[in-house]
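None of the values given here were measured: they were computed from a predicted structure. Per chain, numbering begins at 1; letters A, B, ... match sequence-line order.
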Amino acid sequence: MAKKSTKKAFLSGNEALAYGAWEAGLKVACAYPGTPSTEILENLSQFREIDTQWSVNEKVAYEVAFAASVGGVRSLFACKHVGLNVAMDPLMTSCYTGVNAGFVVVVCDDPGMHSSQNEQDTRWVGIYAKMPVLEPASPAEAKSFVAEAFRISERFDTPVILRMTTRISHSKEDVALGERTEIPAKPLEIDIRKYVMVPGNARIRHEIVEKRLTKLKTFSEKTRLNTVEAGSKSLGFIASSVAYSYVKEKYPQASYLKLGFTYPFCDEKIRAFAKSVRQCVVVEELDPFLEEHIKTLGIKCKAKHPSFRLGELLPDFMEAIVEGRARKVKPMKNRPPRMCSGCPHWTTFSILKKMGFFVAGDIGCYTLGALPPTSALHSCVCMGAGVTFNEGLRRAHPEGKIVGVIGDSTFVHSGITGLVNAAYNKARGVIFILDNRTTAMTGGQNHPATGLTIRDEPTKELDLKKLCEACGADYVDQIDPTGNLKEYEQLVADRIAADALSVIISRHPCKLIKRNM
Amino acid sequence: MDKKVCNIVFGGIGGQGILKASEICGWAALYDGRHVRKSEVHGMAQRGGSVESHLRFGKEVYSPLVEVGKADYLLCFHEEEHPRLKPFLKEGGVDLIGYLSRVREMIENPKAINTAMVGVLASYLSIGQAAWMKALETVFPAKILELNKTIFLQARALRDAV
Ligand SMILES: Cc1ncc(C[n+]2csc(CCOP(=O)(O)OP(=O)(O)O)c2C)c(N)n1
């Protein structure tokens, strides 16, 4: 068949988004890894025109990227849903200052928790932070929407949230590729009333934020990101994200109001659409974000049974949703993940299991130490909590047999502050830094203690031992867990016996590290 | 061109190259001028857990996922995962599990099982030879390209040899 002139590639949503951002003249991009968002920065780092980095954590990433926008170049921050919690402080006020060049906040939600500790729905942040939210429904849309997001950001002087989900980020589609448009940096201008958020200035900015929301609402009514696809008058769907794809596949004859610019809501469009069909059904994944708003407008519509607020939607559920039936819970028969054989984390867990300690855990490959038969990790809430849970649990049980474990990447992300806190507040105990020289869980990204950048270039290496000493740990030991087992056991016994705050850096590289060592 | 959407489910456990297999097919369908959607799992699930990838191509495709009972083809790379994946297959759909042991005998390196199973699948699909070759060239680095082409072609001939 005849070849079309456009170049096409088979890209994931994350790859397509990166490509689209590059085309749109993106200059600076920052992130901390997190499934399903990781490949966005990995792909952006392949473009020499873009200054990319693995930041220490999401708060830092957000601030660096946002400041680049204030400095006058298009910039982007990417994270997984829980990563946004870490960045909420700068996010909430960045909405007040607004931007200089376009700034896009990419957040990848994980309905169904394929690789996450919760399934929070980021669309609420739009309401809370008063920021526009865009929701692509496919990889091709991820690419076109990111360009649109930059335009909206600049036109309305606001950060823009681009909300992805696992099935958009990690599904692939044939996508048309274009060229990059270079955009010269804007001058760095001093504007104290816009960028210094002291109460006097922030009050004025808050007014601007509210006015901006009204303008964005008008935009939402007009933008082609919210489109009506006219079909049968008897059945109409209001849908967004991948849920749109599922329902469109199942009911190709129906009418659709496809929402790509989800927030601020396009009330008039919604009202008119609902009126135009005999039966109107809202189809969305996770929380009843659209549903609740549409119902407050007094519009009669059907929506999914509350049981579908849990977990991801599947194409198989569409009929049940239309008919208002509850979700049938099927037992999961998936083979659970496990730590690789020969993983250096095993040794530490076998020692801790033998000693019968409560192990305050954290997030990473080592969280798999909680699974039977090992069952040697006993808490996991958020990154950094391996250190702080050791302290808090000990405050409840000062004589308790309690230790903390945390990965190297996670320690740098948010363990350091907990260790300073423990030292300052005279806490005791042993913290194990399971240092496998990489961020393994998310596929092996570099971080400050690896001494390599996102592009594998050598950089200043963070010395964990010196760092822990400086934080105030009484003992800091480093040991190879795959070396002499007796020696390791003895060290653990000694440090536990000591009435002190100790750190044991258990260091052995993960065998999945891909680079040439 | 065929108006119908072709639905394929790939599955097995982490480390078997399942995503690579669906990747080859995706590119082949793209080079053959189809609209393609594919889903996969990353992260936690890849640590030796179940891995599943769905591929759908045709003139117009929306969902990246195949419904239960709608798959035209099932490529399962691991016997223990088969009972879990079997329900995806539609009535009269083609289950390639029977080829697994023959493919294992045929190849020397168990890592190439994905290319071999894709070769078997290719013998059932209407995607042209040129598209398959271009797909292999896209997915594999030069170093191992010829080897994979050979395995692909060998495996594709298995069906006729029945
Ligand atoms: C706030 C937040 N950001 C990112 C993630 C995703 N994530 C979970 S664990 C982890 C890092 C794991 O690396 P490390 O601590 O070195 O442990 P390893 O997996 O290498 O054993 C990441 C990036 C998350 N769960 N929460």
Fill in the blank from the handout: Most contact-rich option vs chain B, by heavy-atom pairs under 4.5 angstrom, among A9(A), A140(A), P252(A), A137(A), is A9(A)

Handout entry: Under-4.0 Å salt bridge between E173(A) and K38(B)
Key = no

Problem - side chain to side chain contact (heavy atoms under 4.5 Å, CB included) evaluation trace for K250(A) with E67(B) - result: CA-CA 10 Å; K250(A) 195 79 190 171; E67(B) 270 185 78; 3.2 Å; yes

Problem - Crowding at CD, E323(A) (>12 non-hydrogen neighbours, <6.0 Å) - result: yes

Fill in the blank from the handout: Residues pairing under salt bridge (charged side-chain N to carboxylate O under 4.0 Å, His left out) where one sits in residues 72-83 of chain B, two or more places apart or in two chains, turn out to be R335(A)-E80(B), R335(A)-E81(B), K4(B)-D72(B), D72(B)-K90(B), E79(B)-R104(B), E81(B)-R84(B)

Handout entry: Side-chain (D174(A)) to main-chain (L30(B)) donor-acceptor, under 3.5 angstrom
Key = no

Practice task
Supply the atom-to-atom distance H170(A) NE2 to S53(B) OG, rounded to the nearest 0.5 angstrom.
Solution key: 12.0 Å

Handout entry: K149(B) atom NZ, neighbour heavy-atom count above 12 within 6.0 Å
Key = yes

Problem - Contact leader toward chain A among H54(B), E23(B), E52(B), where contacts are heavy-atom pairs under 4.5 Å - result: E23(B)

Handout entry: Which portion of L65(B) sits near chain A, non-hydrogen atoms under 4.5 angstrom
Key = both

Problem - Separation between OG of S63(B) and CG of D316(A), rounded to the nearest 0.5 Å - result: 8.5 Å

Exercise for the section: Would you give the length of the straight line joining atom CZ of R37(B) to atom NZ of K172(A), rounded to the nearest 0.5 angstrom? Expected result: 13.5 Å

Exercise for the section: Using the salt bridge (charged side-chain N to carboxylate O under 4.0 Å, His left out) rule, collect all pairs that involve residues 109-120 of chain B, keeping only residues at least two apart or in two chains. Expected result: none

Handout entry: chain A interface, residue from V61(B), V66(B), V68(B), L55(B) that has the most non-hydrogen pairs under 4.5 Å
Key = V68(B)

Handout entry: Per-residue contact mode, P36(A) against chain B (heavy atom under 4.5 angstrom)
Key = neither

Practice task
Look up atom CZ in F10(A) and atom SG in C25(B), then write down how far apart they are to the nearest 0.5 Å.
Solution key: 9.0 Å

Handout entry: Interface moiety of F317(A) toward chain B, non-hydrogen atoms closer than 4.5 Å
Key = neither

Handout entry: Interface moiety of C343(A) toward chain B, non-hydrogen atoms closer than 4.5 Å
Key = neither

Handout entry: Backbone of Y62(B) reached by a side-chain donor or acceptor of E249(A) within 3.5 Å
Key = yes

